[in-house]
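For reference, the structure discussed in these notes is given below.
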Amino acid sequence: MELPLLGFDLPTWILLFVTAVVLLYRYSTRKFDVLKELGVPGPKAYPFVGTQFKAMTKGVGQADLEYIKKYGKVYAGYSWSTPTLVVADADMLKQILVKDFNYFTNRRKLDGISDKPLNKMMTVVDDDEWRNIRYATTPAFSGEKLRKTTRDINDCAKYLVKNLRKIADEGAVFDAKKSCGSYSADIIARVAFGIDIDSQNDQNHPFVKHMTKTLDFNLFRNPFLLIAAFCPSLLPLARACGLSFLSRDSASYFTDLVNQAINTRKHSRVERHDFLQLMLEAKEMKPSKDGEHTDSKQRKPLTDEEILSNCVVFFLNAFSTIGDTMAMTLYALASNPEVQDKMLAEINDVLGDSMEYTYDLMKNMGYLDMVIDESLRRYNPAPMVDRICSQDVVIKGIKFPKGIVVHVPIYAIHMDPEIWPEPEKFDPERFAPEKKAEMNPFHWIPFGFGPRNCVGRRLALIEMKIALVHLVRNFKITTSEPNQKLLRPRVVVVVVYTEWFLS
Ligand code: HEM
């Protein structure tokens with residue numbers, strides 16, 4: 001006797017299942033004709049995954065590298081079901097990222113990022129809303145502002161040295177990714193918001209815990225991301241079931257942290273000129289104390305929602321990128337002792353007995369710059385950036401239809417053997433001043449390019465430089481032998497390297 005399941009008999013279940021598969025198939029292939037019309041070569045697209053299968057198994061960067069070799073510097077693909085043109089050609093990038101910026105102002109939105117407190121992040125908002133926020137926050141990273149922050153950065157770096165000294169004295173190994181991530185979190189909290197989180201002393205600090213959880217872009221650990229990637233139209237249902245990109249506890253942790261910082265600021269008599277202050281001034285449309293924001297181009301006051309989202313985006317961006325790049329630079333120094341020795345010689349030469357490493361002193365360290373530039377080429381944490389085309393435009397004979405996503409394959413450009421011979425090799429000499437002067441600027445784009453490039457670039461560089469100077473001056477960095485082999489990039493949204501340790 002057949003037992004009906006939830007009131008349906010077996011044939012009905014089979015019919016429902018087949019209908020669901022057919023509907024999902026049609027949904028995931030509905031845009032598969034768009035790229036055929038453009039006549040741009042590219043890999044075959046499959047239902048549900050588009051052309052992403054290689055990216056899922058080998059990482060976005062490696063997939064781009066292999067496809068560019070096969071199809072050329074412009075190829076067409078489907079990011080899941082979204083038609084995408086991948087552009088690695090330098091002239092076209094100049095056009096897209098700079099000259100025709102008005103047609104390529106916005107980024108593709110991950111559907112999941114429309115929940116508070118992430119919905120108004122500078123990284124995801126469009127057009128004038130983006131311009132307004134970018135305009136209000138850019139002055140926080142001026143040379144003058146950063147010069148004032150170097151004392152705070154030095155303090156955090158000294159703390160890092162103190163903590164690592166304990167480990168070195170015991171002859172133990174250290175987890176560079178964690179230590180550098182905490183260093184970077186402490187700095188952004190201090191210099192941008194004036195708050196002390198002291199995550200270096202407590203790597204289980206809730207701040208670190210929530211950051212790490214939020215930045216875990218593994219599709220298979222975060223069902224919300226999985227749905228956003230494969231079937232975004234099911235997101236409302238996912239939300240109704242309580243799923244979200246940012247977990248509820250992380251969302252309320254970040255919201256409370258920012259609100260506390262704002263309240264403390266309101267009642268404090270200490271005058272600050274940092275990122276948070278600029279945002280609060282932009283909320284009230286006050287001219288900044290330094291005369292910034294007096295320009296009539298400033299369009300609208302920032303809303304509370306915009307302030308909250310952009311505080312969170314600064315935390316998120318600074319935590320992962322700087323921590324990872326620094327950790328990879330340490331790995332490169334450990335694996336290339338001659339580079340480490342040369343760096344130390346320059347540091348001693350420039351600094352003499354000084355223990356305060358100022359903004360201006362850092363400018364005199366040409367070899368340190370070369371090491372960081374090479375590290376950002378070889379181990380850049382952002383394997384790609386993207387833009388959406390807002391109206392039909394033809395570039396170098398290729399039609400970019402309105403709505404198409406342009407994917408800029410940073411990793412593949414940085415690892416292209418035609419541009420960078422022996423790309424796997426860590427070689428700071430590639431960035432010697434005479435070579436840098438001749439370099440095509442679109443062959444090295446770790447911070448993106450054009451008006452929408454990384455707003456935190458200068459802070460990132462100064463933070464990394466100061467920490468590396470402290471570390472190289474105080475320690476000889478080596479790899480802990482067996483872990484050297486574990487270094488493999490796993491690229492989903494940002495590059496994450498498998499665990500490894502230094503001593
Ligand atoms: C090594 C460190 C860093 C790297 C490699 C990096 C890389 C990038 C890249 C590739 C982009 C996209 C640019 C584009 O689309 O053209 C970006 C955007 C952004 N970055 Fe960074 N970043 C770093 C550090 C930071 C820091 C420290 C902050 C904040 C304090 C920050 C805040 C941002 C923001 C807010 C955006 C969005 C800008 C906009 O949409 O206008 N980044 N970053």
Side-chain angles (χ1 to χ4, degrees), residues 60-61 87 93-94 96-98 101 104-109 113 118 120-138 140-141 145-146 149 153 180-181 183-193 211 215 274-276 278-279 306 309-329 372-388 405-411 413-414 441-442 444-468 493-495:
V60 175
V87 180
L93 286 178
K94 187 173 182 184
I96 292 165
L97 298 175
V98 184
F101 178 72
F104 296 96
T105 308
N106 303 323
R107 296 202 178 93
R108 182 184 170 192
K109 265 187 254 325
I113 312 249
L118 303 179
K120 296 289 177 189
M121 291 191 302
M122 190 195 307
T123 35
V124 297
V125 292
D126 291 342
D127 301 313
D128 281 347
E129 194 172 14
W130 164 72
R131 286 191 182 85
N132 201 39
I133 298 172
R134 175 98 189 195
Y135 178 77
T137 52
T138 299
F141 301 99
K145 288 271 155 54
L146 292 179
T149 62
I153 299 180
C180 297
Y183 160 77
S184 144
D186 283 358
I187 291 183
I188 194 73
R190 253 215 224 185
V191 306
F193 303 95
M211 282 290 165
L215 292 166
D274 56 12
F275 171 77
L276 182 60
L278 283 170
M279 302 261 274
E306 286 170 338
S309 288
N310 285 288
C311 289
V312 175
V313 77
F314 272 62
F315 278 139
L316 290 175
N317 282 27
F319 181 72
S320 59
T321 52
I322 297 185
D324 287 1
T325 310
M326 262 179 64
M328 292 313 300
T329 311
I372 291 180
D373 287 355
E374 172 65 347
S375 184
L376 284 166
R377 178 197 70 83
R378 177 66 189 84
Y379 302 116
N380 187 43
M384 45 84 55
V385 293
D386 62 38
R387 299 285 188 272
I388 299 199
V405 170
V406 176
H407 167 117
V408 183
I410 300 182
Y411 177 90
I413 295 172
H414 287 188
F442 292 89
W444 184 78
I445 46 171
F447 296 101
F449 209 97
R452 203 147 188 182
N453 71 352
C454 174
V455 73
R457 174 192 173 137
R458 292 165 106 176
L459 173 65
L461 289 173
I462 194 75
E463 254 189 77
M464 292 193 287
K465 285 184 191 178
I466 290 183
L468 289 171
V493 179
V494 288
V495 184

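One-based numbering, in listed order, for ligands and for the atoms of each. What you see is a predicted model, and the numbers here were worked out from it, not measured in a lab.
We find the CZ-CZ distance between Arg107 and Arg452 to be 4.5 Å, quoted to the nearest 0.5 Å. Leu276 CG to Thr137 OG1: the interatomic distance, rounded to the nearest 0.5 Å, is 12.0 Å. For the atom pair CZ of Phe315 and CG of Asn310, the computed distance is 12.5 Å after rounding to the nearest 0.5 Å. Between the OH atom of Tyr411 and the CZ atom of Arg377 there is a distance of 9.5 Å, given to the nearest 0.5 Å. Going from atom CD1 of Ile445 over to atom CG of Leu376 covers 12.5 Å, rounded to the nearest 0.5 Å. Rounded to the nearest 0.5 angstrom, Leu93 CG and Phe104 CZ are separated by 10.5 Å.
Annotation: atom 12 (C) of ligand 1 to nearest protein heavy atom, Val385 CG1, 3.5 Å. Of all protein heavy atoms, the one lying nearest to atom 27 (C) of ligand 1 is Ile322 CD1, 3.5 Å. Taking atom 1 (C) of ligand 1 as the reference point, the nearest protein heavy-atom neighbour is Thr325 OG1, 3.5 Å. In terms of protein heavy-atom proximity, atom 38 (C) of ligand 1 is closest to Arg134 NH1, 3.5 Å. Ranking the protein heavy atoms by distance from atom 29 (C) of ligand 1 puts Phe314 CD2, 3.6 Å first. Among protein heavy atoms, atom 37 (C) of ligand 1 sits closest to Thr123 CG2, 3.3 Å.
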What pairs of donor and acceptor atoms, side-chain ones from residues 457-468 against any protein atom, are under 3.5 angstrom apart with sequence neighbours left out?
| residue | atom | partner | partner atom | Å |
| --- | --- | --- | --- | --- |
| Lys465 | NZ | Asp369 | OD1 | 2.8 |

Residues 185-192, side-chain donor-acceptor partners within the protein, below 3.5 Å, at least two apart:
| residue | atom | partner | partner atom | Å |
| --- | --- | --- | --- | --- |
| Asp186 | OD1 | Ser199 | N | 2.7 |
| Asp186 | OD1 | Ser199 | OG | 2.9 |
| Asp186 | OD2 | Ser199 | N | 3.4 |
| Asp186 | OD2 | Gln200 | N | 3.2 |
| Arg190 | NE | Asp196 | OD1 | 3.3 |
| Arg190 | NH1 | Asp152 | OD1 | 3.1 |

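Test Val87, Val385, Ile388, Leu97 against Val406 for side chain to side chain contact (heavy atoms under 4.5 Å, CB included) and you get one pass: Val87. Test Thr123, Leu316, Val124 against Leu118 for side chain to side chain contact (heavy atoms under 4.5 Å, CB included) and you get one pass: Leu316.
Remark: the backbone N or O of Thr105 is not paired with any side-chain donor or acceptor of Trp130 at under 3.5 angstrom. Within the 3.5 Å criterion, the main-chain N or O of Pro381 finds no donor-acceptor partner in the side chain of Asp324. Here the side chain of His414 pairs no donor or acceptor atom with the backbone of Pro409 at under 3.5 angstrom.
Residue-ligand proximity, Asn453 to ligand 1, at heavy-atom distances under 4.0 Å covers atoms 13 (C), 16 (O), 38 (C). For ligand 1, the atoms closer than 4.0 angstrom to any heavy atom of Met122 are 35 (C), 38 (C), 39 (C), 40 (O), 41 (O). Close approach to Phe449 involves these atoms of ligand 1, each under 4.0 Å from a residue heavy atom: 16 (O). Counting atoms of ligand 1 from 1 in the listed order, those under 4.0 Å from a heavy atom of Trp130 are 39 (C), 40 (O), 41 (O). Set against the non-hydrogen atoms of Arg387, the atoms of ligand 1 under 4.0 Å away are 14 (C), 15 (O), 16 (O). Less than 4.0 angstrom separates some heavy atom of Pro446 from each of these atoms of ligand 1: 5 (C), 7 (C), 10 (C).
Residues Ser375 and Thr325 approach most closely at OG-O, 3.9 Å, considering heavy atoms.
By the criterion of a heavy-atom distance under 4.0 Å, the side chain of Pro381, and not its backbone, is placed next to ligand 1. The proximity of Asn380 to ligand 1, defined as any non-hydrogen pair under 4.0 Å, is limited to the side chain. Proximity of Arg107 to ligand 1, defined as any heavy-atom pair under 4.0 Å, is confined to the side chain (atoms from C-beta onward). The side chain of Ile188, and not its backbone, has at least one atom closer than 4.0 Å to an atom of ligand 1 (non-hydrogen atoms only; side chain from C-beta on).
Of all protein atoms, those of element N, O or S that lie under 2.8 Å from atom 21 (Fe) of ligand 1 number 1.
Ligand 1 does not have Phe275 within reach: every non-hydrogen atom of the residue lies 4.0 Å or more from it.
Judged as a ring-ring contact (aromatic ring centres under 6.0 Å, His included), and not counting sequence neighbours, the contacts of Phe141 are Phe314.
In terms of N/O distances under 3.5 Å, ligand 1 is approached by Arg452.
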